[in-house]
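In what follows, every heavy atom counts, from backbone to side chain, and hydrogens, waters and symmetry copies are set aside.
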Amino acid sequence: MSQYIKNFPIEEVVNLAGQIAVRPGEVVSKTLAQNDAVSVTLFAFDKGEEISAHESIGDAFVTVLEGVGEYTVGGKKYEVHAGESLVMPANVPHAVFAKEAFKWLLVVVFPKGFEG
């Protein structure tokens, strides 16, 4: 049994996008790891869903697994497709919008000494 990864099959090869489902009119999230150093979360957004602008104390690394997402970072829009990644730097406002239903993985790396 894993000490650090949760809500995910252990010692089994899986399709990452298959671990979360898009639900109509919702933003769905599934936390895979959370501690003082890192946060790993799977997301599934229905078309038109969004997370409004906010900031993080850590660098946020996103990878789109299926579909297309629009990320706004410091006022600049980035269209990210399946198989592509983007880093949203710490302390810069960012937002997420589903141009179509999409699934993505978020890894946030926190500064040393942060206690979240």
Could you pull out every donor-acceptor pair under 3.5 Å between side chains of residues 15-33 and any protein atom, sequence neighbours left out?
| from | atom 1 | to | atom 2 | distance (Å) |
| --- | --- | --- | --- | --- |
| Asn15 | OD1 | Ala17 | N | 3.0 |
| Asn15 | OD1 | Gly18 | N | 2.9 |
| Arg23 | NE | Glu26 | OE1 | 3.1 |
| Arg23 | NH2 | Glu26 | OE1 | 3.1 |
| Lys30 | NZ | Asn7 | O | 3.3 |
| Lys30 | NZ | Gln19 | O | 3.0 |

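By the criterion of side-chain heavy atoms lying less than 4.5 angstrom apart, applied directly or through intervening Ile, Leu, Val, Met, Phe, Trp or Tyr residues, Leu105 is grouped together with Phe8 in one hydrophobic cluster. In the hydrophobic cluster analysis, where Ile, Leu, Val, Met, Phe, Trp and Tyr join through side-chain heavy atoms closer than 4.5 angstrom, Val73 is grouped together with Val108. Hydrophobic clustering, with ILVMFWY side chains joined whenever heavy atoms are under 4.5 angstrom apart, groups Leu42 together with Val109. Under the 4.5 Å side-chain heavy-atom criterion for ILVMFWY residues, a single connected hydrophobic cluster contains both Tyr78 and Phe45. Residues Val64 and Leu86 share a single hydrophobic cluster, defined by chaining ILVMFWY side chains whose heavy atoms lie under 4.5 Å apart.
Partners of Ser85 according to the side chain to side chain donor-acceptor pair (under 3.5 Å) rule, which considers only residues two or more places apart in sequence or in another chain, are Thr63. Listed by chain and number, the residues in a side-chain contact (heavy atoms from CB on, under 4.5 Å) with Glu11 amount to none (sequence neighbours excluded). Here Tyr71 pairs with Trp104 under the ring pair (Phe, Tyr, Trp, His ring centres under 6.0 Å) rule; sequence neighbours left out. For Ser39, the side chain to side chain donor-acceptor pair (under 3.5 Å) partners are Gln34, not counting sequence neighbours.
Screening residues 74-85 for salt bridge (Lys or Arg N to Asp or Glu O under 4.0 Å) gives Glu70-Lys77, Glu79-Lys99 as the qualifying pairs, with residues at least two apart or on separate chains. Residue pairs satisfying the ring pair (Phe, Tyr, Trp, His ring centres under 6.0 Å) criterion with at least one member in residues 49-69, sequence neighbours excluded, are listed as follows: His54-His94. Every pair tested for salt bridge (Lys or Arg N to Asp or Glu O under 4.0 Å) that includes a residue from residues 46-55 fails, sequence neighbours excluded, so the list is empty. Applying the salt bridge (Lys or Arg N to Asp or Glu O under 4.0 Å) test to every pair with at least one member in residues 57-66, sequence neighbours left out, gives these pairs: Glu66-Lys103.
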Given side-chain contact (heavy atoms from CB on, under 4.5 Å), test Phe102 with Val80 step by step and report yes or no.
CA-CA 10 Å; Phe102 83 117; Val80 185; over 6 Å; no

Given side-chain contact (heavy atoms from CB on, under 4.5 Å), test Thr72 with Phe97 step by step and report yes or no.
CA-CA 8 Å; Thr72 303; Phe97 175 75; over 6 Å; no

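For Ala53 against Ala95, the heavy-atom pair with the smallest separation is N-CB, 3.6 Å. Heavy-atom minimum distance, Leu106 versus Phe43: CD2-CE1, 3.7 Å. Residue Pro111 comes nearest to Gly58 through the heavy atom pair CD-CA, 4.3 Å, listed as atom of the first residue, atom of the second, then distance. In terms of heavy-atom proximity, Asn35 sits nearest to Ala37 at OD1-N, 2.7 Å.
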